[in-house]
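One structure below.
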Amino acid sequence: MKFKSITGTKDLLPGESYRWHYVEEKFHKLARRYNFREIRTPVFEHTELFARGIGELTDIVGKEMYTFEDRSGNSLTLKPEMTAAVVRAYLQHNLGQQQPVSKLYYLAPMFRQERPQKGRLRQFHQFGLEIIGTPGALADAEIIVMTADYYAELGITNVKLKINSVGCEKCRPGYKEKLKEFLRPKLSDLSEDSRRRFETNPLRIIDSKDERDRELTEKAPLQKDHLCNECNEHFTHLQDILREADVEYAVDGKIVRGLDYYTKTAFEFISSALGSQDALSGGGRYDLLARELGGKNVPAVGVAGGIERLLLVLEESENAAVEEPHPAVYLAAADDTARIWLYGITQQLRRNNIPCETDLMLRSLKAQMREASRQNAAYTVIAGAEERNKNEVVLKDMKAGDQQNVPVDELVHILQKQLPESK
RNA sequence: GUGGGCGUAGCUCAGUCGGUAGAGCGCCAGGUUGUGGCCCUGGUGGUCGCGGGUUCAAAUCCCGUCGCUCACCCCA
């Protein structure tokens with residue numbers, strides 16, 4: 001075979017795609033219940049949108065974007081995340097003029113050029129929610145609550161919610177200085193990465209996975225203990241709401257989100273069922289993003305979650321079995337003279353919303369029966385010349401193994417009675 | 001970008017000291033001339049990742065290369 005799928009991309013084969021349908025449908029339905037409306041944006045955007053929105057110093061922008069020039073010389077980028085694109089669309093179409101608060105959701109592929117590993121692909125898929133237009137903690141809670149609800153609805157129980165506040169324009173600079181003061185004497189003992197971040201992004205240092213770094217930063221000052229009044233109030237308010245909504249959470253002062261645009265609330269849903277890529281989803285408030293993109297100040301909050309990771313966790317949750325759909329009826333021809341006639345009956349069933357399958361290979365009855373069994377059909381309809389002359393078919397219950405002759409005119413009615421989901 | 005592990009049938013894998021490739025599952029057919037599953041019998045299926053080297057002879061040894069995978073960094 002000459003051609004292979006690109007490194008870090010995956011074909012979604014029929015043996016797996018039904019699982020995707022399952023989680024996607026659940027998300028669409030839940031979004032409707034929470035009154036979020038879907039937004040779809042193009043897979044690529046001007047590179048500048050992400051560079052500005054996500055932050056020049058982030059790893060995503062620095063080394064992970066799929067960037068290319070089109071024939072006109074524009075620099076374009078396959079979207080590495082969705083929030084910047086959603087805010088762009090929000091500003092471009094003045095959604096804020098139509099209603100004060102926009103509740104948007106999406107389900108879309110993202111692209112980042114990293115080394116693939118468990119739970120990380122170059123083309124991956126995220127579900128996401130954004131509430132744009134309100135600074136209130138109720139919006140933060142709404143995002144978190146629906147995400148928690150989604151996992152619960154799927155039967156995933158081994159998830160934990162961690163929340164933090166990363167402050168705002170007012171209180172973050174002061175905190176940053178305090179943190180640097182704390183780190184400065186330890187600087188030479190820190191890992192190389194952390195030393196490099198000291199100037200560019202010191203907040204990330206307390207989030208380091210390096211063991212030595214962890215020891216050294218154990219007693220580091222945390223943003224959540226140095227919030228301004230407004231941020232502090234927002235954070236306690238959020239916790240009050242989460243408790244009221246019965247969502248379990250833990251405050252973790254070391255959660256620092258990787259993207260520049262976050263303010264106040266930052267959170268992650270973590271699962272122990274994943275490998276080292278343990279974040280199932282993450283999000284937070286991003287009150288500065290719209291302005292950064294050239295719009296006015298528009299407060300907003302959102303979440304993004306990985307579908308691939310979700311499915312990995314789902315497979316390990318015993319109480320979350322997903323069943324593959326199968327045809328309700330298989331129609332088998334006992335001889336060649338009945339095949340076309342039987343195909344007409346097949347279509348009658350389909351028009352009556354009965355999922356069914358028939359042989360397309362002119363195979364023997366035995367082979368057709370085997371196929372019916374393999375495909376897990378609940379019933380098999382068998383007919384040859386004899387049945388055709390009497391205008392009836394043999395209806396066989398595959399599980400029980402018994403069968404009876406029924407008039408063709410009554411077939412749909414009988415099957416519908418047996419298959420309530422087809423009505 | 002760095003490091004470990006692995007590439008043999010559609011899938012999971014075995015293959016000894018170098019002697020020209022196997023099992024289980026799957027698929028197809030028959031055992032039953034109009035009936036699935038279980039069982040039995042037979043069959044289909046391989047560029048041993050790719051290229052080069054050593055050798056009378058390479059899946060096996062050597063060199064290179066590509067791919068997959070896990071981990072680091074970071075993230076969903």
Side-chain angles (χ1 to χ4, degrees), chain A residues 1-10 13 15 54 57-64 79-83 107-128 147 191-194 196-197 201 204 207-211 213 255-259 268-271 274-283 302-313 330 332-338 361 363-388 393-403:
Chain A
M1 218 342 236
K2 192 173 174 185
F3 295 108
K4 278 186 179 165
S5 54
I6 305 295
T7 295
T9 66
K10 259 185 71 182
L13 303 177
I54 300 170
L57 294 175
T58 59
D59 278 12
I60 292 180
V61 174
K63 57 181 191 186
E64 294 169 3
K79 61 188 174 198
E81 61 104 41
M82 188 74 172
T83 302
L107 216 39
M110 308 291 157
F111 306 85
R112 293 181 200 171
Q113 189 165 357
E114 303 174 87
R115 281 295 267 272
Q117 66 190 74
K118 184 172 173 141
R120 180 162 71 199
L121 292 169
R122 289 184 173 180
Q123 175 175 345
F124 61 104
H125 298 77
Q126 290 187 326
F127 67 85
T147 306
S191 67
E192 200 187 316
D193 283 331
S194 290
R196 185 165 38 75
R197 291 201 193 98
N201 198 353
R204 291 225 64 92
D207 192 34
S208 173
K209 277 186 192 166
D210 185 284
E211 233 171 87
D213 285 359
I255 288 190
V256 183
R257 311 252 61 234
L259 285 41
E268 280 176 6
F269 282 88
I270 309 289
S271 170
L274 294 165
S276 62
Q277 257 45 263
D278 63 352
L280 253 188
S281 56
V303 65
I307 304 282
E308 282 83 356
R309 290 184 188 181
L310 178 64
L311 287 162
L312 283 174
V313 174
Y330 191 96
D335 59 62
D336 287 340
T337 65
M361 297 200 300
R363 298 215 288 180
S364 70
L365 181 58
K366 185 188 172 106
Q368 293 177 73
M369 292 304 293
R370 192 170 50 231
E371 190 61 29
S373 185
R374 189 194 354 252
Q375 297 218 17
N376 241 314
Y379 293 92
T380 302
V381 165
I382 306 160
E386 202 182 307
E387 287 78 10
R388 186 186 166 189
V393 294
V394 175
L395 180 61
K396 177 166 184 173
D397 181 328
M398 294 300 274
K399 204 164 196 178
D402 55 337
Q403 61 185 52

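Convention: sequence-line order gives letters A, B, ...; per-chain numbering from 1.
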[N] phosphate, OP1 or OP2: any side-chain N/O from [X] under 4.0 angstrom?
X         : N      : result
Arg115(A) : C74(B) : no
Gln117(A) : C72(B) : yes
Thr7(A)   : C68(B) : yes
Arg374(A) : G26(B) : no

As a test of reading the structure: which of [options] is closest to the side chain of [X], going by heavy atoms?
X         : options                : result
Glu64(A)  : G37(B), A76(B), C74(B) : C74(B)
Arg370(A) : C28(B), A76(B), A71(B) : C28(B)
Ile382(A) : U35(B), C75(B), G36(B) : U35(B)
Glu114(A) : G34(B), A76(B), G36(B) : A76(B)
Arg204(A) : C75(B), G36(B), C73(B) : C75(B)
Arg120(A) : C75(B), U35(B), C74(B) : C74(B)

Name all stems that contain residues of RNA chain B, defined as runs of 3 or more consecutive Watson-Crick or G-U wobble pairs, both distances under 3.5 Å.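 Detected stem regions: B:1-7 with B:66-72, B:10-13 with B:22-25, B:27-31 with B:39-43, B:49-53 with B:61-65.
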Roughly how many Å is it from CE in Met369(A) to C1' in G36(B), rounded to a whole number?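 Taking CE of Met369(A) and C1' of G36(B), I get 5 Å after rounding.
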In whole Å, what is the span from the CD atom of Glu387(A) to the P atom of G34(B)?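 That distance rounds to 12 Å.
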For Val394(A) and for Ala367(A), find the nucleotide of RNA chain B with the closest heavy atom, then tell me which residue's nucleotide is more 5'.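 Result: Ala367(A).
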5'-most contact on RNA chain B: Ala383(A) or Lys10(A), nearest heavy atom basis?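 It is Ala383(A) whose nearest nucleotide is closer to the 5' end.
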So [X], base contact, sugar-phosphate only, or nothing? Heavy-atom distance under 4.0 Å.
X         : answer
Leu280(A) : sugar-phosphate
Gln375(A) : nothing
Lys366(A) : base
Gly401(A) : base

With a 3.5 Å distance limit and no angle check, can you tell me whether Gln113(A) reaches the backbone of Lys63(A) through a side-chain donor-acceptor pair?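 No; zero donor-acceptor contacts below 3.5 Å.
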Quick one: does any side-chain atom of Gln126(A) pair with a main-chain N or O of Glu81(A) as donor and acceptor, under 3.5 Å?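 Side chain of Gln126(A) to backbone of Glu81(A): no pair is present.
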Taking side-chain contact (heavy atoms from CB on, under 4.5 Å) as the criterion, tell me which of Ile382(A), Asp402(A), Val381(A) meets it with Leu395(A).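 So, applying the side-chain contact (heavy atoms from CB on, under 4.5 Å) to Leu395(A) and each of Ile382(A), Asp402(A), Val381(A), only Val381(A) qualifies.
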Looking at G36(B), does its base get a donor-acceptor pair with the side chain of Lys396(A) below 3.5 Å?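 Counting by modelled atom types and ignoring angles, a donor-acceptor contact under 3.5 Å is found here.
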Is it the case that U35(B) (base atoms only) and Gln368(A) (side chain only) share a donor and an acceptor within less than 3.5 Å, ignoring hydrogens and angles?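 Not at all, since no donor on one side and acceptor on the other fall under 3.5 Å apart.
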Flag side-chain contact, heavy atom, 4.5 Å: Arg309(A) against Phe124(A):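 Arg309(A) vs Phe124(A): side chains apart.
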With rounding to the nearest 0.5 angstrom, report the CE to CE distance, Met369(A) to Met398(A).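 Answer rounded to 0.5 Å: 4.0 Å.
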